[in-house]
There are 2 protein chains.
Amino acid sequence: MDNAISKIQGAITRNSELFEEVADLFKIFGDSSRLKILVALTQSDMCVSEISEFLSITQSAVSHQLRILKTSNLVKTRRVGKNIYYSLTDDHVKTIIDCGMEHVTE
Amino acid sequence: MDNAISKIQGAITRNSELFEEVADLFKIFGDSSRLKILVALTQSDMCVSEISEFLSITQSAVSHQLRILKTSNLVKTRRVGKNIYYSLTDDHVKTIIDCGMEHVTE
DNA sequence: CCCATATATGAGCAATTGTTCATATATTCA
DNA sequence: TGAATATATGAACAATTGCTCATATATGGG
C-alpha cells in the first residue's frame, strides 16, 4: 500500500522547482563567510571594508560574496560617499538564521 | 565610531565555531536531493528504495545522501526485514524547511 | 583634473560536492 | 545453505565553489 507514499512523491515531484529554489536559498546560508556577513548585517549596516576587516578575508572575497547575496536579493546597497553600505532587505534572514541556530544549540 | 561594529565583530569572532556549525547545517539543506528527502520524511518514514524511486536517482546516490543525513543526526534508521526505514530524529527539520519555504514563497 | 581610496570583476586554481559504477555486506526465503 | 533482494561503500569523475591575484571602475579631495 504505497498510496500514501505516492501522494508524497506526487507533491514533491510537482513542486520540484520550488524545492530547488529553497535548496538554493539554504545553500547561500551554507557557507560560513556568507553566514557571518548576514549575521553581522542583522546587527548593523556595514560597508565592504568593515566586513572584510572583521572576517579577515580579502576585500575581493567579500565583494564576491556580497554579489551573491545581492543577486539573491538578501541584501541591498546604498552609497555613502566612497563607501557602499550593505543591509538586509528584510528580516526573513534573521528568522532563518535563528531557526538554524536553535537547532544547533539544542 | 566603529565601537558598535567592533562589538559585532567580537561576538562573531568569539562564536566563530558556532556559526561554522550552523553553516554546515544549512549546507545540508542546500542540496535539492537531500532537501526533498527531508521533506518526504516529514510526511512519512520511508525506506531507501522508495526514496530512490521517487527521486529518480540511483539507490547508491540515495544511500550516500542518507549517510550524510544520518551522520549529522537529522535522521535515524530502523530495520524492518530487508528494508531500512529512515525517519527524522526531531521536528526541527520541518521547522527549518518551513522557514526557508516561507521566504521563497514570499 | 589627478590621485588616493573604495568597491567590483574576471581569470585561474585548489578543494569540495553529488553522482555513477562496481562491488561488498546483510537479511530473507526457498 | 544458497539465491535473491536491500542497502552500504569506495573509487572515479565532472561540476561547482570560494578564494586570491590582477585589474577595472567609480567617487571624493586637493
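Below, chain A is the first sequence line, B the second, and so on; all start at residue 1.
- Side-chain N/O atoms of B:R67 include one lying less than 4.0 angstrom from OP1 or OP2 on D:dT9.
- Between the side chains of A:S49 and A:E53, no donor-acceptor pair is found at a separation under 3.5 Å.
- Separating the CD1 atom of A:I28 from the P atom of D:dG18 is a distance of 10 Å, rounded to the nearest angstrom.
- Between A:R34 and D:dG18 there is a side-chain polar atom (N or O) within less than 4.0 angstrom of OP1 or OP2.
- With hydrogens and angles ignored, no donor-acceptor pair closer than 3.5 Å exists between the side chain of B:Q59 and the base of D:dA6.
- For the pair B:I37 CD1 and C:dG18 P, the computed distance is 11 Å after rounding to whole Å.
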Mind listing the side-chain donor-acceptor pairs of residues 95-106 of chain B below 3.5 Å, one per line with the distance, residues two or more places apart or on another chain?
unit_1	atom_1	unit_2	atom_2	d
B:T95	OG1	B:D91	O	3.0
B:D98	OD2	B:K94	NZ	3.2
B:T105	OG1	B:M101	O	2.9

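- Following rounding to the nearest Å, B:I51 (CD1) and C:dT19 (P) show an atom-to-atom distance of 13 Å.
- In this structure, the CG atom of B:N83 is 12 Å from the C1' atom of C:dA26, given to the nearest Å.
- Here the side chain of B:I57 is nearest to one of C:dT19, C:dT7, C:dA26, namely C:dT19.
- We find that the ring of B:H64 and the base of D:dT9 stack, their centres lying under 5.5 angstrom apart and their planes tilted less than 30°.
- For the OP1/OP2 pair of D:dT17 and a distance below 4.0 Å, the side-chain nitrogens and oxygens of A:Q65 include no atom meeting the criterion.
- Within the nucleic acid shown, A:Y86 comes within 4.0 Å of sugar-phosphate atoms alone, with no base atom in reach, counting heavy atoms only.
- Of the two residues contacting DNA chain D, namely A:K82 and B:V48, the nearest-nucleotide position lying further toward the 5' end is that of B:V48.
- Side-chain atoms of B:S60 come within donor-acceptor range of the base of D:dT9, with a qualifying N/O pair under 3.5 Å.
- C:dA26 atom P lies 11 Å from atom CD1 of B:I84, rounded to whole Å.
- Judged by distance alone, with hydrogens and angles left aside, the side-chain atoms of B:R34 form a donor-acceptor pair with the main-chain N or O of B:K27 at under 3.5 Å.
- Taking side-chain N and O atoms only, B:S63 has no distance below 4.0 Å to OP1 or OP2 of D:dT7.
- More than 12 heavy-atom neighbours from other residues, nucleotides or ligands sit within 6.0 angstrom of CD on B:E20.
- Among the heavy atoms of the strands lying under 4.0 Å from B:S49 are primed sugar atoms or P, OP1, OP2 only; no base atom is included.
- Under the 4.5 Å side-chain criterion, counting only non-hydrogen atoms from C-beta, A:V48 is not in contact with A:N83.
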